[in-house]
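One structure is given here, and the rest of the page talks about it.
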Amino acid sequence: MLKLGILGNGTVGSGVVELVRKNAEYIKRRSGTEVVISKILVKDMDKHINNHNEEIITNNIQDVYSEDVDIVVEAMGGLHPAYEYIKSFLQQKKHVVTANKDVVAKYGRELAVLAEENNVSLRFEASVAGGIPILKPLQECLAGNDIKYLMAILNGTTNFILSKMYNESMKYEEALKIAQQLGFAEANPDSDVLGYDSARKLAILSSISYDEKVDWEDIGVQGITEIDDIDILCAKELNCTIKLLATSIKKEDGIYASVRPVLVPIYGYFGKIESEFNGILLEGDAVGQMFFCGKGAGKLPTASAVLGDIFDVIENKKQRSMLIGNKKAILKSKLSEKAKWLLRIKCQNTEEILSRVKESFKACESFENKDWLQNEAAMVVEAVNEEYIDGVVKELKLLPGVEHIKKLIKVDNI
Ligand code: NAP
Ligand code: HSE
């Protein structure tokens with residue numbers, strides 16, 4: 001018999017309990033051992049009164065320590081005390097499976113080393129892209145490849161919000177509220193909407209892919225809070241949609257890494273990824289392009305990834321420690337390649353400003369006669385690199401009549 005201790009009984013924790021119970025027979029047949037849930041840790045006991053697992057629910061971590069569990073599933077979220085608990089269980093030679101990208105992005109390497117020293121496993125497939133198997137394929141099946149880049153939708157909440165705004169003209173606040181009710185959002189949804197959650201996941205993926213330590217705080221991050229209905233209308237005019245894309249590209253002199261809203265074609269890889277689904281496009285030198293997609297958030301999809309990790313622990317599969325790279329990566333957040341950009345310039349003198357913009361870019365296509373553009377010029381320009389467009393934007397901002405400028409990158413080939 002194998003005993004599980006579950007830290008957290010929210011969306012993920014309760015999903016793991018449900019899946020373990022539902023598939024108990026199958027799990028026993030497949031793993032050769034009965035898996036039982038011994039203790040579930042929560043914060044506020046009052047929330048769990050009349051829960052059918054009441055007798056094993058506790059708000060005292062000592063109850064979990066004294067239960068002598070074999071595997072601990074950490075699904076509490078946040079940095080503290082999750083980090084301290086994981087550390088302590090690894091030191092007690094307990095295997096740990098976690099869904100917590102905050103902890104993995106910050107302390108992943110330290111904890112992976114600690115796990116190795118104690119001859120136990122630390123696994124965190126659920127911490128990136130929910131139910132999509134991506135860390136294991138990167139570490140195992142694709143280990144023979146030099147990964148050139150990763151482009152991904154890594155946050156279910158923001159993808160859900162952007163899908164609702166695009167497909168149903170729903171207001172941002174309403175869509176966020178539904179995403180929270182459905183259990184997709186973080187306890188503090190700022191993590192989702194400001195792009196930090198995507199940045200943490202990109203850091204984990206990139207560290208594994210490039211064998212260098214990518215710190216999420218060094219990634220250039222822009223969230224979706226500034227996306228409005230005019231951006232959506234512009235996107236529709238261009239046969240595009242807007243996605244929060246997390247991108248990292250290996251370059252000679254470092255790694256370009258960014259999280260930002262991007263205009264993508266509606267029929268491309270990412271245009272079709274709706275709602276809480278995530279998608280990851282990567283290129284390996286041997287395998288070429290590969291695209292992974294599936295549910296990136298939610299109770300059972302995430303529990304699926306946790307269960308996969310539990311199976312691996314039971315089967316005692318040895319795997320190379322994740323985040324093994326210790327060399328700190330040099331990160332760049334400005335794109336050095338030629339790219340197209342949507343520019344929106346809030347101003348009274350639109351004709352005058354438009355002609356100034358045309359002087360600055362070889363290619364410039366403006367939106368003409370749109371009644372939804374009030375005191376605003378909007379156009380797609382092509383710039384040799386991001387530094388160039390930022391320089392032009394800085395100069396334009398100084399012109400009389402210019403109130404506000406917004407830029408969004410438009411990527412055509414994905
Ligand atoms: P959640 O619904 O907010 O649940 C958190 C659970 O942890 C609650 O049961 C809470 O107890 C408990 N908890 C929080 N702080 C605690 C503390 N200090 N001591 C004891 N218990 C504590 O969160 P979630 O959505 O399940 O997410 C959990 C983790 O999985 C996070 O790291 C998240 O990023 C990650 N994740 C989530 C999803 C998703 O779709 N939601 C997907 C992938 C990964 P109470 O019930 O008493 O408040
Ligand atoms: N809040 C996260 C998201 C949960 O929306 O993607 C899954 O990691």
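Counting starts at 1 for both ligands and their atoms, following the listed order. All heavy atoms count here, side chains included; hydrogens, waters and symmetry mates do not.
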Winner among Lys295, Glu186, Lys201 once heavy atoms are compared against atom 34 (O) of ligand 1:
Glu186
Nearest non-hydrogen contact to atom 19 (N) of ligand 1 from the set Met45, Met76, Glu125 belongs to Met76
Would you mind checking which non-hydrogen protein atom is closest to atom 5 (O) of ligand 2, with the distance to 0.1 Å?
Thr157 OG1, 2.6 Å
Of all protein heavy atoms, the one nearest atom 9 (O) of ligand 1 is Asn9 N, 2.8 Å
Could you check whether [X] pairs with [Y] (Lys NZ or Arg NE/NH1/NH2 to Asp/Glu carboxylate O, under 4.0 Å)?
X: Lys327; Y: Glu212; answer: yes
X: Lys328; Y: Asp215; answer: yes
X: Lys406; Y: Glu226; answer: no
X: Glu186; Y: Arg200; answer: no
X: Lys39; Y: Glu55; answer: no
X: Asp412; Y: Lys340; answer: yes

Against heavy atoms of [X], which atoms of ligand 2 measure under 4.0 Å?
X: Phe184; answer: 1 (N), 2 (C), 3 (C), 4 (C), 5 (O)
X: Lys201; answer: 2 (C), 3 (C), 6 (O), 7 (C), 8 (O)
X: Lys101; answer: 2 (C), 4 (C), 7 (C), 8 (O)
X: Gly156; answer: 3 (C), 5 (O), 6 (O)
X: Asn155; answer: 2 (C), 3 (C), 5 (O), 6 (O)
X: Glu186; answer: 1 (N), 2 (C), 4 (C)

Any side-chain heavy-atom pair from Tyr107 and Leu114 closer than 4.5 angstrom?
no
How close do [X] and [Y] get, heavy atom to heavy atom, and via which atoms?
X: Ile409; Y: Pro261; value: CG2-O, 4.2 Å
X: Phe361; Y: Ala383; value: CE2-CB, 3.9 Å
X: Phe160; Y: Ala175; value: CE2-O, 3.6 Å
X: Gly156; Y: Asn278; value: N-ND2, 3.6 Å

Of the side chain and backbone of Asp192, name the one, both, or neither that has a heavy atom under 4.0 Å from an atom of ligand 2.
side chain
With under 30° as parallel and over 60° as perpendicular, where do the rings of Phe367 and Trp372 fit, or are they tilted in between?
perpendicular
For atom 23 (O) of ligand 1, is there a protein heavy atom at a distance under 4.0 Å?
no
Heavy atom of protein inside 4.0 Å of atom 3 (O) of ligand 1, strictly below
no
Heavy atoms only, cut-off 4.0 Å: how does [X] contact ligand 1, side chain, backbone, both, or neither?
X: Lys47; value: side chain
X: Ala297; value: both
X: Thr302; value: side chain

Can an N or O of [X] be found at a distance shorter than 3.5 Å from an N or O of ligand 1?
X: Gly183; result: yes
X: Gly78; result: no
X: Gly298; result: yes
X: Asp102; result: no
X: Lys101; result: yes
X: Tyr85; result: no

Glu276 near ligand 2 by a heavy-atom separation under 4.0 Å:
no
Gly296 near ligand 2 by a heavy-atom separation under 4.0 Å
yes
Looking at ligand 1, does Ala126 have a heavy atom less than 4.0 Å from it?
yes
Going by heavy atoms, is His48 under 4.0 Å from ligand 1?
yes
Is the NZ or CZ atom of Lys236 positioned over Tyr166's six-membered ring, under 6.0 angstrom from the centre and within 45° of the axis?
yes
Quick check on Lys250: does its NZ atom have over 12 non-hydrogen neighbours (other residues, nucleotides or ligands) under 6.0 Å away?
yes
Just checking Glu84: does its CD atom have more than 12 heavy atoms from other residues, nucleotides or ligands closer to it than 6.0 angstrom?
yes
Compute the shortest N/O to N/O distance between Ala297 and ligand 2 and return yes if it is under 3.5 Å, no if not.
no
